[in-house]
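As a basis for the values below, the full set of heavy atoms in this structure was taken, side chains included, without hydrogen atoms, waters or symmetry mates.
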Amino acid sequence: MPDSEGIIKYKNNDIAIETMIMGGMYKEPNLYIEYGVTIRSKYDFYYESVKFFYDCFELYYTTYSNEINEIKVNTFMLQDEERKSLYRKFGGWNTIKKAMDIVDISDYKNHYDVFKKYSLMREYEKKGFPVERLASHPKFYKLKAEQVTQWMRATVDKVQTVIGGGDLSVKLGKDMKKCVIQWRKVPAMGIELPWENWITLFRGWRKKKLIIDGMLSNEGKTRRLTFLLAYISLILKKKCLMMANEMDEEDVKAGMITAVCNNSIFGFNLNIPESNIVLGEYENEEQFQKVCEVAEYIEQNTTMFFKDMSSDYSDRNIENEIKKHVIGLGCECIFYDTLKGYQTDQWETVKQTATKLKDLCSELNVRGYATIQLTDDSLYIPVEKFSSNNIANAKQLKHVVDHMILEKRIEPNEYNTYNIVDEWGIEMTLEEYNKHDKNNIKWFYYGQKVDKNRGGGKGMVLCSQVNLDLNVWKEIGIITKDISNNKNNNKRYYNKRN
């Protein structure tokens with residue numbers, strides 16, 4: 001009804017809408033992935049009881065379980081005395097069940113829009129904005145939260161509710177000395193990687209950073225990923241999610257157990273090929289029991305999750321899975337194999353997926369690693385000349401990632417044309433290195449062009465000693481083209497790197 005001045009008194013809350021927002025989360029917990037990041041219960045909920053149940057859900061989902069049932073919820077609620085008291089005061093599971101029953105999940109987006117609109121109007125009203133003028137508009141009920149903000153844009157500075165961004169800029173030079181002092185106390189380094197040069201160049205694997213590793217088809221990009229995944233999970237104890245659209249769970253398990261069996265960094269050195277493990281062919285019972293020991297070690301120490309994305313690796317599904325595992329399960333490192341267009345080969349879609357991965361790393365404060373395939377003609381290009389032009393379908397994704405490594409196997413007939421500077425600063429041809437480091441294993445050597453690096457230097461070519469059958473990836477130094485090819489001068493000494 002209009003007041004004496006003809007202004008319509010508007011309604012600034014709706015308990016039914018708030019109840020459906022809360023009930024929808026309990027009914028379909030994964031709605032939190034999409035909507036939870038923009039809900040601020042302190043501002044968005046008007047009713048104390050509904051706010052309580054939403055806050056409990058958020059804590060439950062992010063720390064306890066992503067499965068909702070009466071027994072689990074009751075158990076969780078009873079773990080804290082204050083929470084237990086309020087839970088009983090507000091009706092307990094019966095209240096949650098009624099809220100779940102009244103919500104229509106298919107209409108949740110519309111409920112959410114109304115919910116955020118009321119929240120915004122209350123916050124604007126608190127700050128003295130003329131909300132009743134807007135509420136008196138005959139089409140006010142049709143407005144969305146974003147349109148409310150647009151209407152207020154001319155006079156709004158900042159409101160304490162989240163509808164998808166809008167933070168103010170900051171004065172760049174502010175607290176600069178404080179940053180310098182803090183960097184001295186805690187250097188801006190990420191977690192360790194199993195290769196020293198990667199640590200030095202990238203400053204470790206830092207949160208919000210996306211690493212891209214590119215290889216030719218069937219050259220081992222998934223094997224390298226499974227080795228790195230095993231290291232981050234089993235050695236560093238970080239929770240990881242691996243998503244794959246080409247390899248299934250069995251393929252990944254085979255690559256992982258092979259890596260752990262054959263790399264001393266995990267405490268094992270069985271020297272047993274993947275083919276022997278998956279075919280059940282062992283030299284003797286002792287070797288079989290050793291592999292079983294490795295399997296038990298992985299089972300007892302695993303912090304890894306795997307998701308087969310082959311049926312749907314759209315950007316929307318990738319985002320949902322990442323948010324579900326980061327927010328709901330606490331994953332800190334995201335692995336994706338392989339970057340490619342979904343239902344199309346257009347390069348734009350691959351760049352969009354890379355951009356999505358990078359954005360999610362930044363938004364969720366996690367680390368990202370993805371593989372990509374190089375073009376077929378990369379086979380005929382020297383590794384030191386590699387660039388983003390060698391990426392199949394999507395050379396422009398280089399612009400959005402933080403670190404890019406492009407790899408290629410060096411052919412044996414090229415060993416005498418490359419020099420390697422090893423970790424001791426000794427330089428020799430790759431041919432000489434190969435002669436001195438056989439260990440009865442058939443090694444291959446991969447050059448890795450550092451094509452992009454937001455952590456430091458770029459352009460150099462690293463070198464790994466590789467055996468795909470054993471899933472072994474040893475960093476052995478930096479290689480350079482031996483222009484003179486002078487066999488009498490193939491050893492030179494440098495200061496050992498710190």
Item to check | Derivation and outcome, salt bridge (Lys or Arg N to Asp or Glu O under 4.0 Å), residues Glu70 and Lys97 | outcome: CA-CA 9 Å; Glu70 182 176 0; Lys97 183 65 168 60; over 6 Å; no
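- Between Phe53 and Tyr26, the ring planes lie perpendicular to each other; the angle is over 60°, past the 30° to 60° tilted range.
- Distance alone, capped at 3.5 Å, places no donor-acceptor pair between the Ser85 side chain and the Glu81 backbone.
- When only modelled atom types and interatomic distance are considered, Trp195 and Gln448 share no side-chain donor-acceptor pair under 3.5 Å.
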Checklist entry - What do the steps show when you test Ile334 against Met243 for side chain to side chain contact (heavy atoms under 4.5 Å, CB included), and what is the final call? => result CA-CA 8 Å; Ile334 307 300; Met243 301 177 293; 3.9 Å; yes
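- By the ring-ring contact (aromatic ring centres under 6.0 Å, His included) test, Phe115 is found to be paired with Phe45, residues two or more places apart in sequence or in another chain being considered.
- Side-chain atoms of Ser362 come within 3.5 Å of backbone atoms of Lys358 as a donor-acceptor pair (strictly under, hydrogens ignored).
- The closest donor-acceptor contact from the side chain of Asp402 to the backbone of Leu210 lies under 3.5 Å.
- A centroid separation of less than 6.0 Å is found between the aromatic rings of Tyr35 and Tyr108.
- At a threshold of 4.5 Å between non-hydrogen side-chain atoms, the residues Cys361 and Lys209 do not count as touching.
- A side-chain donor-acceptor contact under 3.5 Å links Ser119 and Asp44.
- Using bins of under 30°, 30° to 60° and over 60° for the plane-to-plane angle, the ring pair Tyr369/Phe335 lands in the tilted bin.
- Between Arg316 and Glu319 there is no salt bridge, since no side-chain N of the basic residue sits under 4.0 Å from a carboxylate O of the acidic one.
- For residues 227-237, the side-chain hydrogen bond (donor to acceptor under 3.5 Å, both in side chains) pairs, not counting sequence neighbours, are Glu192-Tyr231, Ser233-Thr303, Lys237-Asn301.
- At least one side-chain heavy atom of Ile39 sits under 4.5 Å from a side-chain heavy atom of Ile21.
- Remark: side-chain polar atoms of Arg206 are not paired, donor with acceptor, to backbone N or O of Met189 under 3.5 angstrom.
- You'll find the ring centres of Trp93 and Phe76 outside the 6.0 Å limit.
- Between Phe52 and Tyr87, the ring centre distance reaches or exceeds 6.0 Å.
- Looking at Thr371 and Asp337, their side chains do bring a donor and an acceptor atom within 3.5 Å of each other.
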Next on the checklist: Could you go through Asn110 and Asp107, starting from their C-alpha distance and side-chain angles, then the distance that decides it, and tell me whether this counts as side chain to side chain donor-acceptor pair (under 3.5 Å)?
Outcome noted: CA-CA 6 Å; Asn110 293 329; Asp107 208 25; 2.6 Å; yes
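- Within a 6.0 Å radius of CD in Glu48, other residues, nucleotides and ligands contribute 12 heavy atoms or fewer.
- For the residue pair Asp251/Thr222, the side-chain donor-acceptor check at 3.5 Å is not satisfied.
- In this structure, the side chain of Asn262 engages the main chain of Ile272 through a donor-acceptor pair within 3.5 Å.
- Counting non-hydrogen atoms of neighbouring residues, nucleotides and ligands closer than 6.0 angstrom, the OH atom of Tyr46 reaches no more than 12 such neighbours.
- In this structure a side-chain-to-backbone donor-acceptor pair under 3.5 Å is missing from Lys340 to Ile372.
- A donor-acceptor contact closer than 3.5 angstrom links the side chains of Tyr112 and Thr38.
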